[in-house]
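Only one structure is covered here, and it is reproduced in the block below.
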Amino acid sequence: MNTWVNPLVDGAVQCWGCPVFDRLFQVVSMAAAGVYRQFAFFCMIVFCVLFAFFALNAVWQNIKGGMPDPWYKKSVQPVIISSLFALTFLAMGVMLPRFVTTVTFEPVADIALTYTQSVVQMNTDTINEKVTYQPMPMSDAGFYRPQLRDTIILLMKTTITQFQAYIKLGIAVMDSAFTWRAILGVGALLKHIIIFFMGLYLVYGFFKLFVRFCFYFADIIVAMTFFAFFFPLSLVLFVFRGDGVPGWMKNLGKNVGVGQFKKVINAIVALAAGVLTYTVVMVIIAKFFTAHGGDVGELMHLITNGDVFAADLSDDNLAALTLMGCVVLVYVVNFITGLGGQVTKMVLDTFNVGVENKLSEELATNAENLTKVVVDTVKKVGKTIADGGEKADKK
């Protein structure tokens, strides 16, 4: 079955979201760079207004508190010094944010890519052979460098290769159910039928996850858009963070500046988290289909590279498995699949890193609901046509 189905999987399971992300990335990068100077000038005006409020508040607090001198060194002086740096950085134009993204977002994306490739034991050339999309030409004069775009797309493609592999594994499991052992009795036949549906569940489950993953570019592009357009404002608000600054100013700077920075980092991490999640499931399945004394790592290598066939799956465990044990196995696989996300969260929480994919999940859920509505509508139309447009008489 794998021989003639695998090419169909390779052709269908591609990076559907890559062209959309590529185009949006270029639009955001060039637009943010184009309006940067005008928005920076607006942010200077905002700074003057905020500084006036800050100075009046500092004077009022000084009069109310009866402190004649220390308030200047503790609050006003740090703000004045920070404002000189902020206004100087604003005058540098888009060169500054491009440098900031080069030394922050790009290393994070590179580390995430290196991690995912090491987990799946693949290199860039192999990934490009399996997922064929290539980024479009892009100018180097934007807010973000093309290198960041290329790395993020390659990170998405790396995870897509695993969906290809896991769907092929499901097909191999289905194929392994059609063996001569299935005709040895009713119990053996039922076991093989259950194994077949387990393989079918893997195909359906991972294809569904693949479709949801195609929407994962949404959170990262939104986070990068907010960061790019609000970078001048966050630079100005960063000035008002010390002692004596009103709380609403501090919170505004935190939400606009640091908050958007973290969202971009977390959205990039979300693209790599999928590999960790689904590898947990594959270890359990590979262990079950490995012969006694066999090398689980070798079978895992075949699975992650999409080179697994029914002949590679040992049926020793299947032969010794009872009918009830087979049912339990399907339940365990289903349970582990749902547990994978929690495992990923625990690992990421260890490094104080979150996964920013709320918008992506909402888009994927809406797409599923829309697909269901379309399918139901087609069924109703088909039934109406089959009935000749006549409704059955109700008694």
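The analysis underlying the following values was restricted to heavy atoms, covering all of them including side chains, and did not include hydrogens, waters or symmetry mates. The residues of the chain are indexed from 1 along the displayed sequence.
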If you round to the nearest 0.5 Å, how far is CD1 of I127 from OG1 of T132? 13.5 Å
How long is the straight-line distance from CG of L209 back to CD of Q162, given to the nearest 0.5 Å? 13.0 Å
Working to the nearest 0.5 Å, report the span between OG1 of T88 and CE of M92. 9.0 Å
At their closest point, which heavy atom of P232 faces which heavy atom of A40, and how far apart are they? CB-CA, 4.2 Å
Closest contact, heavy atoms only, G142 versus V94: O-CG2, 4.5 Å
Closest non-hydrogen atom pair, N128 against L154: OD1-CD1, 3.9 Å
Aromatic ring centroids of F231 and F227 under 6.0 Å? yes
Rounded to the nearest 0.5 Å, what separation is found between the CD atom of E106 and the CG atom of L113? 12.5 Å
How far apart are the closest heavy atoms of Q164 and V9, and which atoms are they? O-CG1, 4.0 Å
Look at the side chain of R37 and the backbone N and O of A91, then say whether any donor-acceptor pair between them is shorter than 3.5 Å. no
Ring centres under 6.0 angstrom apart (F207, F210): yes
Quick one: SG on C43 to CG on L235, what's the gap to the nearest 0.5 Å? 8.5 Å
Heavy-atom donor-acceptor pair, T151 side chain to A109 backbone, under 3.5 Å: no
Taking the side chain as everything from C-beta on, heavy atoms only, tell me whether T101 gets closer than 4.5 Å to M224. no
F39 atom CZ, over 12 foreign heavy atoms within 6.0 Å: yes
Can we say D10 and K168 salt-bridge, meaning some charged N sits less than 4.0 Å from an Asp/Glu carboxylate O? yes
Under a 3.5 Å distance rule, please check whether T126 uses its side chain to pair with a backbone N or O of M122 as donor and acceptor. no
Side-chain donor or acceptor of K157 paired with backbone N/O of V131 under 3.5 Å: yes
Heavy-atom nearest pair, F143 first then A32, reads CB-CB, 3.9 Å
Look at the rings of F163 and F213 and say which category their plane angle falls in: under 30° parallel, 30 to 60° tilted, over 60° perpendicular. tilted
Using side chain to side chain contact (heavy atoms under 4.5 Å, CB included), reason through T124 and Q117 one step at a time and then give a plain yes or no. CA-CA 8 Å; T124 301; Q117 289 186 349; 3.4 Å; yes
Of all the heavy-atom pairs spanning Y133 and M136, show the shortest one and how long it is. OH-CG, 4.0 Å
Less than 4.5 Å apart, side chain to side chain, heavy atoms only: is that true for D22 and R149? yes
Any sub-3.5 Å donor-acceptor pair from S29's side-chain atoms to F25's backbone N or O? no
Quick check: do W16 and V211 have side-chain heavy atoms less than 4.5 Å from each other? yes
